[in-house]
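One structure is given below, encoded as C-alpha cells.
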Amino acid sequence: MRKKFLILATALTAASCASVPAFEPQDVLPDAPNSWSSAPDNLSTAPTVDWVASFENDRLVALVDEAFAGNPSLAQSLARYESALASARISGANRLPTLNGSLGNTRTEVNNGPSTDSYSLGLSSSWEVDLWGRVRNSANAASLDAEAAAQDLRGSQLSIAGLVAKAWLDLIEARQQTELAQRDLETFQLTLSITERRFTRGLVRSSDVRTARSALASSEAALASRRRAEAASARSLETLLGRYPSARIERGESFPTISELSGIGSPQDMLSRRPDVLAAERRLEAAGLRVDAARAALYPSLSLSASTGTSGADLDEVFDFDGLVSSLTSSLTAPIFRGGQLRAQRDQAIATAELQVAAYVQTVLAAWQETENAIYADTILAARVDSLGRAFEEAAEAEDLVTQQYARGVATIFDLLNAYSRRISAESQYISARRARAANRVDLYLAIAGDFSAAASADPAAHSGE
C-alpha cells in the first residue's frame with residue numbers, strides 16, 4: 001500500500017509546469033457499480049428535487065433560512081473560507097515583484113559643532129524569477145485550499161439544513177408524544193373514577209382501586225418525562241437557529257408526507273456533488289503541488305533587485321533627479337548545507353500527499369456507505385411504519401372492546417390496563433417510526449448531496465464579494 005501511495009503521489013506531481021496535477025479518482029477508488037445496490041436502476045437518474053421544498057412545509061424552509069443567518073457553526077465555516085481566500089491572495093502576491101518607497105532623514109550631531117542633516121529618497125524593487133515553478137505551485141496550492149474551504153462551507157450548509165430538518169422532526173415527535181401522554185393521563189383519571197364508583201357499589205375489590213391509582217401515578221410520571229423531552233427538543237432546535245434556548249419555539253403539529261423516492265443519481269455521480277468528497281479532492285491536488293514546490297526548493301533560485309534614489313543636504317537636492325543613482329542586481333543562490341532541512345520538507349510534503357490520498361479514499365467510501373444505508377433503510381422504515389400503523393389500529397380497537405367489557409364487569413382491571421398499555425406502546429412506536437422514516441429521508445438527501453434552494457442565501461461566492 002505504501003508503494004502504491006508513493007506512485008500516486010509521484011504521478012500527481014510529475015509535471016511542475018502544470019498548474020493543477022492530473023487526478024483520476026478511478027486510480028485509487030474501488031470499482032463502483034452504475035447504480036446503487038440497494039435501489040432499483042430507475043433511481044439512477046440525477047436528482048432534481050429540492051429536498052427541503054419536497055417536505056412541502058413553509059415552516060421548515062423558514063427555519064433553514066433562519067439557521068443560515070444565525071447558526072454560529074456556519075459562521076465559523078464562513079470565516080474559515082474567507083481566511084482561506086485571503087491566504088490564497090497572499091500566496092498569489094509572491095509571484096509578483098515587490099516595490100517599496102523610502103524617504104529618510106539623518107541628523108548628525110558633533111560636540112561643540114553645528115549639526116548637519118541629510119535627506120534621501122528612493123525606490124526599490126525585488127523579484128524572484130520562478131525558474132522551477134516553486135512560487136507558482138505554492139500559490140496554486142493555496143488557491144486549491146480556498147476551493148476546499150468553499151466546499152467545506154457548502155458541506156456545512158448542507159449539514160446545518162439536515163440538522164435543522166431532523167431537529168424539527170424531533171420536535172414534532174416530542175409534541176405528539178406529549179399529547180399522547182396527556183390523553184393517556186386523562187384516560188387513567190377516568191378509569192380511576194369509574195373504578196372508585198364501582199368499589200363503592202361493591203362491584204370491585206380495593207386492590208382494583210389501588211391498581212388504578214398506581215397506573216395513574218405512572219401516567220403522570222410519563223407525562224412529566226415527555227414534557228421534559230419536548231422542551232429539550234425545542235431548545236436543540238432554537239440553538240441550531242442561533243436563538244436563545246427558551247423552549248418557546250412554535251411546535252409543528254404533524255409529520256410531512258413522505259413521497260415516493262425519485263432520482264438519486266449513481267455512485268459516480270455522487271462524487272461530483274458531495275462537498276466533503278470535492279474538498280478532499282482539492283486538498284489532494286494541493287498536496288501534490290506542495291510536493292513540487294518542496295522539490296523545487298532544492299534547486300538554485302534567481303533573484304533580481306533594483307533600486308533608484310537621490311540624497312542631499314536639503315530637500316531641494318533630494319528632488320533634483322539629475323543626481324539620481326540607480327542599481328540593478330541579480331543573484332543566483334543554491335542551497336549547499338542546511339542540515340537536511342530541505343529534503344526533510346520534501347519528504348514531509350510527500351507523506352502529506354500520501355495522507356491526502358488515504359483521506360480521499362476514506363471520504364468516498366464513507367459517502368457510499370451512508371448512501372447505501374439510507375437507501376436500504378428507506379424501504380425498511382416504510383414497511384415498519386405500515387406495520388406499526390396497523391398494530392396501533394388493532395390495539396386501539398382491542399382497547400375499546402376491553403373498555404366496554406370492563407364497564408359490564410366482564411373484564412378485570414388488569415385486562416383493561418393491559419389493553420391500555422398495548423395501545424399506548426403501539427401508538428408511541430408508530431409516532432417514533434414516522435419520525436425515523438422522515439429523518440432517514442433527510443439522511444438520504446444529505447448522503448447524495450441533494451439540492452436545497454435555501455442554501456442560496458449562504459453561497460460562498462456571495463459572501464466573498466466575487
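If you read the sequence from its start, that first residue is 1, and numbering goes on from there. Only this structure's heavy atoms are used, side chains among them; waters, hydrogens and symmetry mates stay out.
More than 12 heavy atoms of other shown residues, nucleotides or ligands fall within 6.0 angstrom of atom CD in Gln189. Heavy-atom contacts from other residues, nucleotides or ligands closer than 6.0 Å to CZ of Phe255 number more than 12. Within a 6.0 Å sphere centred on CZ of Arg59, other residues, nucleotides and ligands contribute more than 12 heavy atoms. Dense packing is recorded around CZ of Arg273, with more than 12 heavy atoms of other residues, nucleotides or ligands lying under 6.0 Å away. With a 6.0 Å radius and a threshold of 12 heavy atoms from other residues, nucleotides or ligands, Asn34 has its CG atom at or below the threshold.
Within the model, atoms CD of Glu281 and CG of Leu144 stand 10.0 Å from one another, a figure rounded to the nearest 0.5 Å. Here CG of Asn140 is found 7.0 Å from CZ of Arg136. Values are rounded to the nearest 0.5 Å. One finds the CG atom of Leu237 at 13.5 Å from the NZ atom of Lys166 (value rounded to the nearest 0.5 Å). Summarising the geometry, atom CG belonging to Leu192 is positioned 6.0 Å from atom CG belonging to Leu216; distances are rounded to the nearest 0.5 Å. Here the straight-line distance linking atom OG of Ser77 with atom CD of Gln151 works out to 12.5 Å at 0.5 Å rounding. Annotation: the span from Arg437 atom CZ to Asn440 atom CG amounts to 9.0 Å, rounded to 0.5 Å.
For the pair Arg235 (side chain) and Pro245 (backbone), a donor-acceptor distance under 3.5 Å is present. At distances below 3.5 Å, at least one donor-acceptor pair connects side-chain atoms of Asp130 with backbone N or O atoms of Arg134. In terms of modelled atom types and a separation under 3.5 Å, the side chain of Asp208 and the main chain of Val204 share no donor-acceptor contact. With hydrogens and angles ignored, the 3.5 Å screen pairs a side-chain donor or acceptor of Ser143 with a backbone N or O of Ala139. Using modelled atom types, one side-chain atom of Ser87 and one backbone atom of Ser83 make a donor-acceptor pair closer than 3.5 Å. No donor-acceptor pair under 3.5 Å is formed between the side chain of Ser421 and the backbone N or O of Leu417. The main-chain N or O of Gly265 is found under 3.5 Å from a side-chain atom of Trp36 such that the two form a donor-acceptor pair. A donor-acceptor pair is defined here as one N or O able to donate and one able to accept, closer than 3.5 Å; no such pair exists between the side chain of Ser214 and the backbone of Arg210. The backbone N or O of Leu240 lies less than 3.5 Å from a partner atom in the side chain of Asn71, making a donor-acceptor pair. Side-chain atoms of Gln176 do not come within 3.5 Å of backbone N or O of Ile431 as any donor-acceptor pair.
For the 3.5 Å distance criterion, the side chains of Ser428 and Gln177 qualify, holding a donor opposite an acceptor. Thr200 and Glu196 share no side-chain donor-acceptor pair at under 3.5 Å.
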Run Glu427 and Arg183 through side chain to side chain contact (heavy atoms under 4.5 Å, CB included) and show every step you take. CA-CA 12 Å; Glu427 187 172 359; Arg183 293 196 308 270; 2.5 Å; yes

Item to check | side chain to side chain contact (heavy atoms under 4.5 Å, CB included) evaluation trace for Leu74 with Leu153 | outcome: CA-CA 7 Å; Leu74 194 56; Leu153 175 57; 4.0 Å; yes

- Kindly indicate, with the supporting measurements, whether the criterion salt bridge (charged side-chain N to carboxylate O under 4.0 Å, His left out) is fulfilled by Glu173 and Arg434. CA-CA 8 Å; Glu173 180 193 4; Arg434 294 182 66 194; over 6 Å; no

Derivation and outcome, salt bridge (charged side-chain N to carboxylate O under 4.0 Å, His left out), residues Glu370 and Arg274 = CA-CA 12 Å; Glu370 291 171 6; Arg274 283 267 304 215; 3.0 Å; yes

Next item on the list: Could you please spell out the steps behind the salt bridge (charged side-chain N to carboxylate O under 4.0 Å, His left out) verdict for Glu238 and Arg243?
Entry: CA-CA 5 Å; Glu238 287 169 333; Arg243 298 186 190 181; 5.0 Å; no

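Closest approach of Arg154 to Pro275, counting heavy atoms only: CG-CG, 3.8 Å. Taking each heavy atom of Tyr406 and Thr195 in turn, the nearest pair found is OH-OG1, 3.0 Å. Here the shortest heavy-atom pairing between Val164 and Ala67 reads CG2-CB, 3.6 Å. Listed here is the closest heavy atom pair of Ser272 and Leu278: O-CD1, 3.7 Å. Nearest heavy atoms, Val385 versus Tyr430: O-CE1, 3.5 Å. Shown here for Pro267 and Trp368, the closest heavy-atom pair between the two residues is O-NE1, 3.1 Å.
For Thr191, the side chain to side chain donor-acceptor pair (under 3.5 Å) partners are Tyr420, not counting sequence neighbours. Taking the salt bridge (Lys or Arg N to Asp or Glu O under 4.0 Å) definition, one finds that Glu393 meets it with nothing, sequence neighbours left out. In terms of the salt bridge (Lys or Arg N to Asp or Glu O under 4.0 Å) criterion, residue partners of Arg175 (sequence neighbours excluded) are, by chain and number, Glu179, Glu230. With sequence neighbours excluded, the residues satisfying side chain to side chain donor-acceptor pair (under 3.5 Å) with Glu372 are Ser37, Ser38. Remark: Gln369 engages no residue in a side chain to side chain donor-acceptor pair (under 3.5 Å) (not counting sequence neighbours). Qualifying side-chain contact (heavy atoms from CB on, under 4.5 Å) partners for Gln76, counting only residues two or more places apart in sequence or in other chains: Arg80.
Looking at Val52, Ile249, Asp58 one by one, the single match for side-chain contact (heavy atoms from CB on, under 4.5 Å) with Leu63 turns out to be Ile249.
Within the cation-pi definition used here (under 6.0 Å to the ring centroid, within 45° of the axis), Arg441 does not qualify as a partner of Phe55.
Of the charged side-chain nitrogens involved, at least one lies within less than 4.0 Å of a carboxylate oxygen, so that Arg390 and Asp386 count as a salt-bridged pair.
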